[in-house]
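Okay, so here's the structure we're looking at.
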Protein chains: 2
Amino acid sequence: MKLPIPQQEDAVFRALADASRRHLLDRLHRRNGQTLVELCEGLDMTRQAVAKHLAILEEANLVATERQGREKLHFINPVPINAIAERWIRKFERRHLSALAALKSKLEGEGHD
Amino acid sequence: MKLPIPQQEDAVFRALADASRRHLLDRLHRRNGQTLVELCEGLDMTRQAVAKHLAILEEANLVATERQGREKLHFINPVPINAIAERWIRKFERRHLSALAALKSKLEGEGHD
DNA sequence: TTAATAAGGAACCAATAGGTTGCCTGTCAA
DNA sequence: TTGACAGGCAACCTATTGGTTCCTTATTAA
């Protein structure tokens with residue numbers, strides 16, 4: 001099921017919006033290929049809640065899974081995050097920043113924050 | 001009001017989760033320093049809805065505002081996005097990707113998608 | 001000085017999100 | 001072959017979100 005880019009992008013942004021899900025990605029980043037129960041360890045949530053979060057991450061294509069016997073291994077997929085970095089972050093990057101930095105310091109000089 | 005990093009980060013991720021808000025950032029990126037009514041133009045939403053979105057972006061420190069008479073100008077602030085890019089995206093960057101690419105193609109070779 | 005304009009405040013509403021509990025299915029090991 | 005274990009399904013609940021409408025305030029221009 002190949003989504004059009006903006007829709008895929010929306011799914012990724014929304015998946016990343018939740019701290020628990022970012023935490024799960026973090027754990028997978030530290031050790032890839034964990035099962036659901038492993039990912040539940042130490043979390044203040046039921047297994048079903050974690051399963052839902054993982055489903056959302058999978059839907060956003062941020063994790064891929066592989067069934068192995070009665071276990072389901074979860075693997076992080078860095079591609080969508082990089083895609084967003086390309087399409088979204090780059091345009092706010094340093095070179096653009098220069099023009100805006102002037103403005104920002106101007107604003108700050110006028111008593112903002 | 002200086003938030004601790006993770007909390008600030010959470011605000012940014014959540015602000016970016018909504019497509020309308022990303023669209024507003026896009027518009028500000030194309031032309032900076034617009035007023036509320038300007039930002040409303042062509043959007044299928046009431047002014048108040050847009051104002052709420054802008055408030056959330058401002059809360060996340062993604063836009064800064066400057067009152068000028070009865071108008072309020074909105075300026076994009078690229079710093080938080082870059083901060084997230086630094087703290088979050090970099091660790092899923094290319095060099096890490098190499099190790100994972102092998103895994104990914106392995107998974108795909110086994111009939112995923 | 002007053003009408004128009006830009007924005008803010010607040011109450012309200014429907015839909016969605018995040019979480020729970022309870023139960024079912026499939027696989028492995030004793 | 002049967003219990004224990006990993007996971008899936010679904011109903012349900014509450015808080016949050018994205019949006020509306022109505023009203024007020026402040027600034028500007030005629």
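Chain letters run A, B, ... following the sequence lines, proteins first, then strands; residues in each count from 1.
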| Those residues that, when tested against B:Ala19, pass side-chain contact (heavy atoms from CB on, under 4.5 Å) (two or more places apart) |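 Result, side-chain contact (heavy atoms from CB on, under 4.5 Å) vs B:Ala19: A:Asp10, B:Arg22.
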Nearest-Å distance for atom pair [atom1]/[atom2], residues [X] and [N]:
X       : N      : atom1 : atom2 : answer
A:Glu71 : D:dA4  : CD    : P     : 19 Å
B:Asp10 : D:dT16 : CG    : C1'   : 13 Å
A:Glu38 : D:dG7  : CD    : C1'   : 13 Å

| note | In B/S/- notation (B base, S sugar-phosphate only, - none; protein heavy atoms under 4.0 Å), nucleotides 18-27 of chain D written 5' to 3' is SBBBB----B
Listed partners of [X] passing side chain to side chain donor-acceptor pair (under 3.5 Å), at least two apart:
X       : answer
B:Arg14 : none
A:Glu58 : A:Thr65
A:Arg87 : A:Glu9
B:Arg27 : none

| field | Donor-acceptor under 3.5 Å (A:Asn32 side chain, A:Ile76 main chain) | value |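 Yes.
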| According to the salt bridge (Lys or Arg N to Asp or Glu O under 4.0 Å) rule, which pairs have a member within residues 29-42 of chain A, sequence neighbours left out? |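 Residue pairs with at least one partner in residues 29-42 of chain A: A:Arg31-A:Glu38.
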| task | Tell me, please, the opening and closing nucleotides of DNA chain C, 5' to 3', among those with an atom under 4.0 angstrom from a non-hydrogen atom of chain A. | result |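 That gives a stretch of C:dA17 to C:dC28.
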| query | According to the side chain to side chain donor-acceptor pair (under 3.5 Å) rule, which pairs have a member within residues 43-57 of chain B, sequence neighbours left out? | reply |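 Side chain to side chain donor-acceptor pair (under 3.5 Å) check on residues 43-57 of chain B returns B:Arg21-B:His53.
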